[in-house]
Amino acid sequence: MEKQKEHPEQQIQIPLAELIKIRWGKVKELLSKNINPYPYRFERTHLIQQALDKFDEYAKEETVLRLAGRIMLKRKMGKSFFADIRDSSDRIQIYIKLDTVGKEHFDLFNTLDLGDIIGCQGTLFVTKTGEKTLRVSEFQLLTKTIHPLPDKHAGLTDKEQRYRRRYADLIVNPEVREVFIKRTEIIQTIRNFLNEQGFLEVETPILQPIYGGGMALPFKTHYNKLNRDMYLRIADELYLKRLIVGGFDKVWEYCKDFRNEGIDRLHNPEFSMIELYWAYADYKDMAALFEKLLRDVVYHLHGTYKIPYGEYEIDFEPPFKWITMLDSVKEKTGIDFSPLSFDEAKREAKKIDVASDDLINKGKVIEAVWEAHVEPNLIQPTFVADFPVEISPLAKKHRDNDALTERFELFIATMEMGNAFSELNDPIDQLKRFLQQGKAIEAGDKEAQPLDDDFITALSYGMPPTAGLGFGIERLVMLLTNQHTIRDVLFFPQMKEMGDGSVPVSKILAEMIEETSKDEQ
RNA sequence: GGGGGUGUAGCUCAGUGGUAGAGCACCUGCCUUUUAAGCAGGGAGUCGAAGGUUCGAUACCUUCCACCCUCACCA
């Protein structure tokens, strides 16, 4: 304490800086011995898993293997070391003996830290205690780690740190990898399925002059050269339908979408959807296809149709339940909203404790009642069909009822897992719906959709009858991997800016570099 | 946005109105088939940030920040 007062330029002591300084000292020591702490390549012959798979054979034939990985544990036993190294496939113990590697390399190994990445050459054997081990004849430091790893057995448990420093999370909590590997498998299976069904994978703009295709607030940005505001897309719908107009019959896109809304267990501002559009089909065809797709993905991933999700067991064996929105509301509340006027609907909603004062039309009232009384009960896969026209501005009116649209949403474990319609292809009707949305915007509905003139133009060229579907990838991955927060299925979830108090590693390093250059002068 | 909780060493966590603790990690020494290796010694802290109460605050109070849980709302 006294010293610090005498030397204010020393400022705050950061213990991390001490640890980094020691390691950087090792780097400089290596450089002075002409050893590159960051060499360029290492000729690897096997993944660790491959070595373990054929362990007996390799051990017996004394096959020389070259493995590489990160040092996770290190045990010194006098004139020998044991260490555990891990690569992307598995972990293995290595054995380093003074007599075998020589004093120079033995001393080098002595300076290595947990986290350092090395390449080793050697043969396989089993230790006295029965552990499969690589007897190292030579090794090379491949990357010096200057930041210490989290605790070697407790790992990194602080969720905030795990999300902010996903790399550290992945290093010490390898089981995290599994969810993300499954995420990729899920997307791959869907891609294969859609390709086999003849859907063409396409790409459409993320940066858009006007946003649309969903109910959401967009991110706004500015394009300097054109001096105009642009939006990050909230959905792909309107562009994909333009492609149907252009003559593609089956198109789909893996879409990154952006919505300027809150962050919580189910929402991240940047997320992924898959949207597909299918000409000459209607929403029932799409429901059948979606069911088939999900069945395929679930079976591919789990080898069964029944999967656990939290306390539930979800059964993906088709056919899924199909119920209309109004019937489901009637079933749960006893109220038939279909013949009611807007005001009557509001009164009925109030009776069952659904706040509807701010709602601007009957469709919104029905939706609110449905969300309060039906949605929370939808555990097993259920198609909810035929939404009110006011809340479905891009869907075709129901062939039997003008107040409704041919639309379904799929619900599983109370989560919305997909949204589809018989697409509205009548340009006059579509324009009217946009104009209605315009009124909703004026009435304060921030999520209502703006008029897209070019989309109306496209529809006026004629879009064949078309079914469209969109579904959120994160939700699906959560469901199929039994994860309950979206942040656990995103490598880098959006986080708020960190509060004061933490010193970035770059600052610690910059100060060290400066000190060193002072010393050299 | 409401309610509840958390924030102390690089990591995992104790703790207290009166000099800041442990394990792991790190440094030194011993140990040539170990197993979260062991043994001996050592260094390391703006106790999330700011303000207040107090002779004295990491602890008590206020405000703020981040994260977690929960309710409401949008995918």
Taking [M] as the reference, what is the distance to [N] when you measure between their [atom1] atoms (whole Å, please)?
{"N": "B/rA50", "M": "B/rA72", "atom1": "C1'", "answer": "32 Å"}
{"N": "B/rG1", "M": "B/rC64", "atom1": "P", "answer": "11 Å"}
{"N": "B/rC69", "M": "B/rA25", "atom1": "C1'", "answer": "31 Å"}
{"N": "B/rG10", "M": "B/rC71", "atom1": "C1'", "answer": "37 Å"}
{"N": "B/rC27", "M": "B/rC68", "atom1": "P", "answer": "34 Å"}
{"N": "B/rU46", "M": "B/rA20", "atom1": "C1'", "answer": "14 Å"}
{"N": "B/rG41", "M": "B/rC24", "atom1": "P", "answer": "13 Å"}
{"N": "B/rG7", "M": "B/rG45", "atom1": "C1'", "answer": "15 Å"}

Applying a 4.0 Å non-hydrogen cut-off, can you work out what [X] is touching in the nucleic acid: base, sugar-phosphate, or nothing?
{"X": "A/E131", "result": "base"}
{"X": "A/F471", "result": "nothing"}
{"X": "A/G155", "result": "sugar-phosphate"}
{"X": "A/R487", "result": "sugar-phosphate"}
{"X": "A/M215", "result": "sugar-phosphate"}

Given the structure, check if the side chain of [X] and the base of [N] hold any donor-acceptor pair shorter than 3.5 Å.
{"X": "A/H267", "N": "B/rC74", "result": "yes"}
{"X": "A/S80", "N": "B/rU33", "result": "no"}
{"X": "A/D158", "N": "B/rG7", "result": "no"}

Exercise. Given atom NZ of A/K159 and atom C1' of B/rC69, what is their separation to the nearest angstrom?
Worked result: 9 Å
Exercise. Between A/D113 (CG) and B/rA25 (C1'), how many Å, whole number?
Worked result: 9 Å
Distance check: side-chain N/O of [X] vs OP1/OP2 of [N], anything under 4.0 Å?
{"X": "A/R75", "N": "B/rU34", "answer": "no"}
{"X": "A/T157", "N": "B/rC13", "answer": "yes"}
{"X": "A/R23", "N": "B/rG10", "answer": "no"}
{"X": "A/K26", "N": "B/rC27", "answer": "yes"}
{"X": "A/K152", "N": "B/rA25", "answer": "yes"}
{"X": "A/K76", "N": "B/rA37", "answer": "no"}
{"X": "A/K79", "N": "B/rC31", "answer": "yes"}

For this session: Look at the rings of A/F125 and A/Y95 and say which category their plane angle falls in: under 30° parallel, 30 to 60° tilted, over 60° perpendicular.
Result: tilted
Exercise. What class does the angle between the rings of A/F139 and A/F109 fall in, given that below 30° is parallel, 30 to 60° is tilted and above 60° is perpendicular?
Worked result: perpendicular
Pairing nucleotide - [N], Watson-Crick or G-U, each distance under 3.5 Å:
{"N": "B/rU12", "value": "B/rA22"}
{"N": "B/rA72", "value": "none"}
{"N": "B/rA66", "value": "B/rU6"}
{"N": "B/rC39", "value": "B/rG29"}

Problem set entry | Salt bridge A/K26-A/E29, side-chain N to carboxylate O under 4.0 Å | no
Seminar exercise, completed: In A/D158, A/D169, A/L490, A/D488, the residue satisfying side chain to side chain contact (heavy atoms under 4.5 Å, CB included) with A/Y163 is A/D488
For this session: Decide yes or no on salt bridge (charged side-chain N to carboxylate O under 4.0 Å, His left out) for A/K439 and A/E390, but give the supporting numbers first.
Result: CA-CA 11 Å; A/K439 282 179 196 160; A/E390 305 95 308; over 6 Å; no
Exercise. Under the criterion ring pair (Phe, Tyr, Trp, His ring centres under 6.0 Å), which of A/W370, A/F383, A/F471 is the partner of A/F411?
Worked result: A/W370
